[in-house]
Amino acid sequence: MIFDLSTPQKSIWITEQFYKDTNINNITGYFNIAGQINEQLLVKSINIFIENNEILRARFFLNEEGKIQQKFLNYEEEKIEIIDLKTEVELENLKVAISKRNFEVLQNKLYSFYIYNLNNKSGGIIFSAHHLIWDAWSMSLLINDIANIYYSLINNEQVDNSIIRPSYKEYIYKEKKYLEDAKRAKDEEYWTKIFSEEIFIENKEVSEENIEARRKEFILDSKMVNKFKNIDKSFLNIFISALSIYFSKIYNIQNMLFGLPLLNRSNYFEKQIVGMFVNTVPFRIDINKETTFKDFLDINKKNEINLFRHQRLSYEKIFKIAKEKNSNIKSLFDIVVSYQNARDNRQSSNLDYNTGWIFNKCLSNSLDIHLTDLDDTGELKIFYDYQTCKYSEKDISNMHDRIMHILEQVLKNKDILIRDIEIVTLKEKEELMEINNLKIPYDKKKSIIDLFKIQVKERPNETAIIFEDEQITYKELDIESDKYAQVLIDNNVNIGDIVGVYLPKSLQLFIAIIGILKAGAIYLPIDISFPNTRVNYMLKDSKSKICITTEDIFKNISTDIKILNIEKLEKNTDLKGYASRDINETNRMLYYIYFWVNRWTKRCLDKP
């Protein structure tokens, strides 16, 4: 009998098409048994598991129309490779090698078992499977079942029939009913509403070349974990809220999407099935800086509950809905946050063993963060899997430190406003203070321009300013700023007059400021992002004599002030140096700045 792919399988198949001939969809883990192992009974345990779980016998193929489908083969006993090892290093190398082995998806089995024996002192299984047939929950079922089967066999006990699990076919049947159900229409309505308002989505080009990834691990001890229990929210909710605040402050954005892998097993029956169920859906977070962290958690928790209610709609359909709003998007999210607490029955098992995941060092997103609580130690591990083309190890360490700094602040005060939460750590503050400790002795009788002229004389051809891919030497800066100074003097700018500088960040901005100081005037910096009313107010209130800008920037400003267009100035080849003014700069004003924020409420004002 032929079956279509389930919704979660379809998502994995699409990923497989983008990253062909890679191990990006491999899920690999190990099951290590203390003491000498019985290799043949372990082989038998694995075969019983394969026989009892039909998804392992799934084979995928393209039909005549080119559509991917699957069929399930009858069970046949398998030979399992047994590998003898001498050292732990050999074992670790073997784990990595197996995690990197690609699966040929079409017409082939999509899993592999290897038994290893480490000097007859310990041994176990390394298992790898393609995401089309497997998820993290399935891994915990595998470990529980094989541990129980193996223990029964080595003790000559009857194998428990409860390990005969329901078939993945049952889930495929249920999926088909969902596609025809009214519930799907409600889910589509929910996701249409999510994308009805504008949202920040980073457009990342999908490329097989940038999937190389590394992992950085951090551990929260039980003492730290217990502190979060006082907040009365899940750690996933707390962490993703802190993470969103971090990115909001770093990138100055008010909303964002994170990928959230959901178990997608809605009842006890589905939790007994081995197979691919996980559906990674976009989780929208909107940030209002005037909200308290406590209220922010409540909002995110409510949205998370709504997300769970509508999690069954496929990524492809959600993406299509989002694309109707924004046709340029290439993916819904580039950062995924998962919470993994699918524990095996190690504590209740009579078998002494340990387990773990093996990172395959490939990633389709720029960052996957895994919060793992898989044992009873009370600790919580945080794994940052990151693309090396996007992040460095130092970037990840800094990110984690800042997120922890945010969490420390909210643990002290849940009612703190989001705008008052700091992301710069105490260590970073100390480093910044040290870096900016630039006290250098100089002749205080000399003006800034005098000091600048000394640098021009001593190092004329050395670089004075670098801006992006442009740079200028001290000599060039001196010559160019002379032109500005002379034009200002020719336009009756006197010593002590205010000159507006209404330019974007550029080399010309720095040249203009030095030219203004050479003319003996005071510079007034004006941000080009300011609204027109604010620019008009600043120029009028300061009684600026002239404004250095461009026609394009200044075109919507309604004022009678004289304009110095730098575009015309640059084209004027007749301009020479300027006649130096006798300026006593020891105590004179150099710049005039408006502050547009109330220092008590930190809110923007209409007037300074």
Side-chain angles (χ1 to χ4, degrees), residues 1-16 25 27 49-61 63 67-75 105 110-111 129-142 144-145 161-192 259-283 304-321 338-342:
M1 191 172 180
I2 306 301
F3 295 86
D4 288 332
L5 272 60
S6 66
T7 295
Q9 286 178 319
K10 289 175 182 176
S11 296
I12 299 301
W13 175 247
I14 289 174
T15 304
E16 184 69 21
N25 281 314
I27 300 177
F49 182 82
I50 294 171
E51 182 179 9
N52 290 339
N53 293 279
E54 207 167 15
I55 189 64
L56 292 174
R57 305 196 301 277
R59 298 295 182 267
F60 296 83
F61 64 94
N63 65 15
K67 180 181 178 182
I68 184 73
Q69 290 184 304
Q70 61 189 316
K71 58 185 177 182
F72 297 86
L73 305 183
N74 295 326
Y75 166 71
V105 172
L110 297 183
Y111 66 90
H130 196 283
H131 217 340
L132 275 168
I133 64 168
W134 209 252
D135 60 16
W137 188 268
S138 299
M139 185 68 83
S140 66
L141 296 178
L142 162 73
N144 289 335
D145 285 0
N161 287 331
S162 65
I163 62 170
I164 302 176
R165 298 191 174 278
S167 172
Y168 191 73
K169 293 175 184 175
E170 301 298 327
Y171 176 62
I172 296 175
Y173 291 136
K174 186 177 178 180
E175 275 279 297
K176 188 175 181 181
K177 291 180 180 179
Y178 166 74
L179 295 174
E180 300 168 353
D181 194 80
K183 177 68 171 61
R184 181 190 177 187
K186 290 183 179 179
D187 290 346
E188 290 181 358
E189 184 180 340
Y190 165 82
W191 287 107
T192 300
L260 203 62
L262 301 180
L263 186 61
N264 199 28
R265 296 171 185 255
S266 58
N267 52 54
Y268 176 81
F269 178 78
E270 291 180 351
K271 290 179 181 178
Q272 304 310 306
I273 302 174
V274 171
M276 174 55 184
F277 282 76
V278 170
N279 192 21
T280 303
V281 295
F283 182 36
E304 187 181 332
I305 291 171
N306 287 332
L307 187 73
F308 288 154
R309 290 172 180 163
H310 302 281
Q311 64 176 289
R312 296 194 63 183
L313 198 65
S314 68
Y315 177 93
E316 296 74 41
K317 184 60 181 176
I318 297 172
F319 180 76
K320 184 178 179 181
I321 291 171
S338 72
Y339 180 69
Q340 299 175 9
N341 64 346

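- Using a 4.5 Å heavy-atom threshold, the side chains of Tyr168 and Ser6 count as touching.
- Using modelled atom types, one side-chain atom of Gln9 and one backbone atom of Leu132 make a donor-acceptor pair closer than 3.5 Å.
- Judged as a salt bridge (Lys or Arg N to Asp or Glu O under 4.0 Å), and not counting sequence neighbours, the contacts of Lys169 are Glu54.
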Given salt bridge (charged side-chain N to carboxylate O under 4.0 Å, His left out), test Arg184 with Glu188 step by step and report yes or no. CA-CA 6 Å; Arg184 181 190 177 187; Glu188 290 181 358; 3.2 Å; yes
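- Here side-chain hydrogen bond (donor to acceptor under 3.5 Å, both in side chains) pairs that include residues 271-280, with residues two or more places apart or in two chains, are Arg165-Gln272.
- Leu110 CG to Met276 CE: the interatomic distance, rounded to the nearest 0.5 Å, is 13.0 Å.
- Electrostatic pairing of Asp4 and Lys176 does not count as a salt bridge here, judged by no charged N lying under 4.0 Å from a carboxylate O.
- In this structure Phe61 satisfies the side chain to side chain contact (heavy atoms under 4.5 Å, CB included) test together with Ile2, Asn63, Gln69, Lys71, Gln107, sequence neighbours excluded.
- Taking a 6.0 Å sphere around CD of Glu189, one finds it holds 12 or fewer heavy atoms contributed by other residues, nucleotides or ligands.
- Two residues are said to be in side-chain contact when any heavy atoms from C-beta on lie closer than 4.5 Å; Tyr178 and Leu313 meet this criterion.
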Steps toward side-chain contact (heavy atoms from CB on, under 4.5 Å) verdict (Arg59, Leu73): CA-CA 7 Å; Arg59 298 295 182 267; Leu73 305 183; 3.5 Å; yes
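- Counting only distance, with no hydrogens or angles, the side chain of Asp135 and the backbone of Phe277 share a donor-acceptor pair below 3.5 Å.
- With hydrogens and angles disregarded, a donor-acceptor distance shorter than 3.5 Å links the side chain of Arg57 to the backbone of Glu51.
- For His310, the ring-ring contact (aromatic ring centres under 6.0 Å, His included) partners are Tyr190, not counting sequence neighbours.
- Residues passing the ring-ring contact (aromatic ring centres under 6.0 Å, His included) test with Phe269: none are found, sequence neighbours excluded.
- Arg265 places a side-chain N or O within donor-acceptor distance of the main-chain N or O of Ile273, the cut-off being under 3.5 Å.
- Residues meeting the salt bridge (Lys or Arg N to Asp or Glu O under 4.0 Å) test with Lys320, sequence neighbours left out: none.
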